[in-house]
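Structure, as structure tokens:
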Amino acid sequence: MIEIGVLASGGGSNFESLAKACRDGRVPGARMRVLVTNKPAVGALTRAVRLGVEALVIEPKDFDDRNAYYERVAAELRARDVKVVCLAGFLLKVEPGLLRAFPGRVLNIHPALLPKFGGKGMFGPHVHEAVLAAGETESGCTVHVVDDHFDHGPTLAQAKVPVFAGDTPETLAARVLIEEHRLYPETLAQFVAQETL
Ligand code: GRF
């Protein structure tokens with residue numbers, strides 16, 4: 001079995017879609033091994049309990065610097081034999097401490113069609129506000145390999161949705177999120193099947 005780890009900061013709906021896909025055999029050969037959050041009392045933790053997935057809260061405030069933080073996160077993941085790390089609404093910038101431990105094996109999902117509407121500050125509702133402000137007629141989501149720049153690194157897959165007149169950031173986010181829940185597990189399945197892990 002290829003062990004999967006997820007890093008999340010919030011509600012965790014993408015974590016749940018990945019965990020269920022692993023459980024239901026839609027990511028053949030993979031198992032959801034552990035969730036790591038950077039904050040206590042986030043929705044993702046409740047979902048982990050319900051799904052029977054081990055969850056760890058590892059908070060940056062307990063470490064001298066961000067790299068030491070990521071070295072601990074990486075050590076916890078490696079101790080569980082995790083081979084692929086999926087960021088799912090994880091709002092801290094990833095540092096070399098994690099990337100060195102999992103070179104080319106940290107994936108992220110972003111709720112826009114990168115390279116548009118990515119980068120610093122482009123998270124949560126800000127992304128969808130920017131898409132609407134730019135008058136785009138389509139948006140979507142992107143799964144990519146993470147490197148040391150925000151929302152950068154090779155794209156693995158994208159899914160598109162239309163933007164409708166009268167959309168709000170909330171209605172657009174909801175339409176994109178449906179695609180996220182389909183695209184991330186499908187892309188993870190392809191990644192796991194192709195990579196020599
Ligand atoms: C998603 O829109 C994802 O694309 C972005 O953060 C959001 C996380 O949502 N990176 P959830 O916590 O998975 O519900």
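Keep in mind the model is a prediction, meaning the values are calculated, not measured. Order of appearance sets the numbers: ligands from 1, and atoms from 1 within every ligand.
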Discussion item. Taking non-hydrogen atoms within less than 4.0 Å of ligand 1, which protein residues qualify?
Written reply: Gly11, Gly12, Ser13, Asn14, Gly89, Ile109, His110, Pro111, Glu180
Worksheet entry | Thr171 side-chain N/O to Asp167 backbone N/O, donor-acceptor pair under 3.5 Å | no
Item to complete: With sequence neighbours left out, write down each residue that passes side-chain contact (heavy atoms from CB on, under 4.5 Å) with Pro185, or none if nothing qualifies.
Response: Ser17, Leu18, Ala21
Worksheet entry | Check ion pair Glu16-Arg47 (N to O, under 4.0 angstrom) | yes
Practice prompt. Tell me, please, which residues at least two apart from Phe123 pass ring pair (Phe, Tyr, Trp, His ring centres under 6.0 Å).
Written response: His126
Worksheet item: Excluding sequence neighbours, so at least two apart, what forms side-chain contact (heavy atoms from CB on, under 4.5 Å) with Arg72?
Response: Ile58, Phe63, Glu76
Practice prompt. Could you tell me whether Arg31 and Glu3 have a side-chain N and a carboxylate O separated by less than 4.0 Å?
Written response: yes
